[in-house]
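As a basis for the values below, the full set of heavy atoms in this structure was taken, side chains included, without hydrogen atoms, waters or symmetry mates. What you are looking at is a predicted structure, and each value in this text was computed from that prediction instead of being measured.
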Amino acid sequence: MSSPSTPHPAEAARAVRGRPPRLDQGRTAQAALDLLDEAGLDALTMRRLADAVGVQAGALYRHFATKQDLLTVMAERMLEGCSAPPPEGDWSERLTVLAHRMRTALLAHRDGARVYAGTHSTGANTLGFAETLIGVLRGAGFRDEDAARGVLAVVNFTVGHTLEEQAALRPGDPGAAAEPGPADPDRLRRAVAEQEFPHLTAALPVLTSTDFAAHFAFGLNLLVQGLRATERNGPAAAAEAGRP
């Protein structure tokens with residue numbers, strides 16, 4: 001079975017006869033994701049993508065005016081399936097499921113969070129995911145503005161955390177000598193040991209841990225608890241207390 005980035009046989013035949021293959025935005029976005037997984041975001045160029053789909057680089061600009069437009073379509077594609085309603089339960093459990101779902105989607109691609117950060121897709125996957133998130137909070141009785149800001153906080157935390165996670169675990173360039181990166185735990189341990197930082201010393205086991213799932217769960221729980229405080233001070237709580 002051919003990969004998503006492999007030209008269809010009919011397109012290949014037209015290319016042989018001197019006619020360029022017809023570009024398909026979905027197939028091109030998938031080819032870009034394949035290149036991303038193979039070489040990382042820094043190596044993803046319009047020229048390299050054009051070679052992968054068998055067209056001249058200029059042809060891509062008819063579908064993507066800039067590379068940022070390409071990244072936005074890639075980000076939209078990464079969120080496919082994330083908008084499905086979470087299992088029934090308390091709003092905090094449902095919100096947590098959705099946040100983990102987004103983190104998993106970004107982690108599924110090398111530099112996935114870097115691609116997603118700063119994009120503002122209005123596609124069905126992105127808007128559907130936002131709709132589901134806000135619906136969970138509005139359904140729990142949050143005011144519209146609190147639900148919107150709560151969703152922004154959860155999404156921004158998820159993207160930011162995953163961005164740092166992937167940066168810390170970023171693979172080196174093929175063939176390059178292995179060198180510790182700036183997030184190397186031993187580098188931090190040595191720096192702390194050389195100076196007197198008793199609080200950092202006590203916290204080093206966690207600060208140097210690569211259990212990013214635990215880090216994410218802890219931070220997400222803090223956000224949920226903060227939203228619970230907002231919920232307690234919202235209109236529903238005021239009504240129960242007999243306040244206007």
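- Taking every heavy atom of both residues into account, Val159 and Ala117 meet most closely at CG1-CB, 4.1 Å.
- The distance from the CG atom of Asp144 to the CZ atom of Arg138 is 4.5 Å, given to the nearest 0.5 Å.
- Between the side chain of Glu76 and the backbone N or O of Thr122 there is no donor-acceptor pair closer than 3.5 Å.
- Note that OG1 of Thr158 is 8.0 Å distant from CG of Leu106, once rounded to the nearest 0.5 Å.
- The two atoms that bring Thr201 and Pro205 nearest to each other are O-CD, 4.0 Å, heavy atoms only.
- Atom OG1 of Thr119 sits about 11.0 Å away from atom CG of Asp69, to the nearest 0.5 Å.
- The CD atom of Gln30 sits 10.5 Å away from the CG atom of Leu35 when rounded to the nearest 0.5 Å.
- The shortest non-hydrogen separation linking Val97 to Pro86 is CG1-CB, 4.0 Å.
- A distance of 8.5 Å separates CE in Met102 from CE in Met78, rounded to the nearest 0.5 Å.
- Taking each heavy atom of Asp111 and Gly40 in turn, the nearest pair found is OD2-CA, 3.5 Å.
- Heavy atoms of other residues, nucleotides or ligands lying less than 6.0 angstrom from CD of Gln68 number more than 12.
- Here the side chain of Asp37 pairs a donor or acceptor atom with the backbone of Arg110 at under 3.5 angstrom.
- There is no path of hydrophobic side-chain contacts, each under 4.5 Å, that joins Leu107 to Val154.
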Item checked: side chain to side chain contact (heavy atoms under 4.5 Å, CB included) between Leu137 and Asp146, intermediate numbers included -> CA-CA 8 Å; Leu137 292 180; Asp146 291 338; over 6 Å; no
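- Between the Asp184 side chain and the Arg187 main chain, a donor and an acceptor come within less than 3.5 Å of each other.
- Annotation for Glu145: atom CD counts as buried by contact number, over 12 foreign heavy atoms lying within 6.0 Å.
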Check: Could you go step by step and tell me if Glu88 and Arg94 meet the side chain to side chain contact (heavy atoms under 4.5 Å, CB included) rule?
Finding: CA-CA 7 Å; Glu88 291 300 320; Arg94 306 185 82 212; 3.8 Å; yes
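- Between Asp24 and Arg27 there is no salt bridge, since none of the side-chain N atoms of the basic residue sits less than 4.0 Å from a carboxylate O of the acidic one.
- For the pair Leu95 and Leu227, the minimum side-chain heavy-atom distance is below 4.5 Å.
- Side-chain atoms of Gln25 do not come within 3.5 Å of backbone N or O of Phe64 as any donor-acceptor pair.
- Distance CG/Leu44 to CG/Leu71: 7.0 Å, rounded to 0.5 Å.
- In this structure a side-chain-to-backbone donor-acceptor pair under 3.5 Å is missing from Thr162 to Arg103.
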Under 3.5 Å, sequence neighbours excluded: what are the donor-acceptor pairs made by side chains of residues 207-220?
{"residue": "Thr208", "atom": "OG1", "partner": "Arg189", "partner atom": "NH2", "Å": "3.3"}
{"residue": "Thr208", "atom": "OG1", "partner": "Leu204", "partner atom": "O", "Å": "2.6"}
{"residue": "Ser209", "atom": "OG", "partner": "Asp211", "partner atom": "N", "Å": "3.0"}
{"residue": "Asp211", "atom": "OD1", "partner": "Ala214", "partner atom": "N", "Å": "3.2"}
{"residue": "His215", "atom": "NE2", "partner": "Ser209", "partner atom": "O", "Å": "3.2"}

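- Of all non-hydrogen atoms in Met74 and Val115, the two that sit nearest each other are CB-CG1, 4.0 Å.
- Proximity of a side-chain donor or acceptor of Gln166 to a complementary backbone N or O of Gly112 within less than 3.5 Å is detected.
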All N/O donor-acceptor pairs, side-chain side in residues 45-53, below 3.5 Å, sequence neighbours left out:
{"residue": "Thr45", "atom": "OG1", "partner": "Arg48", "partner atom": "N", "Å": "3.0"}
{"residue": "Arg48", "atom": "NH2", "partner": "Glu38", "partner atom": "OE2", "Å": "3.3"}

Item checked: Chi angles and distances behind the side chain to side chain contact (heavy atoms under 4.5 Å, CB included) call for Leu133, Phe129 -> CA-CA 6 Å; Leu133 275 171; Phe129 182 63; 3.5 Å; yes
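- Here the shortest heavy-atom pairing between Leu98 and Cys82 reads CD2-O, 3.8 Å.
- Between Arg114 and Leu163 there is a side-chain heavy-atom pair separated by less than 4.5 Å.
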Item checked: Working for side chain to side chain contact (heavy atoms under 4.5 Å, CB included), residues Trp91 and Arg228 -> CA-CA 10 Å; Trp91 67 263; Arg228 281 199 184 282; 3.7 Å; yes
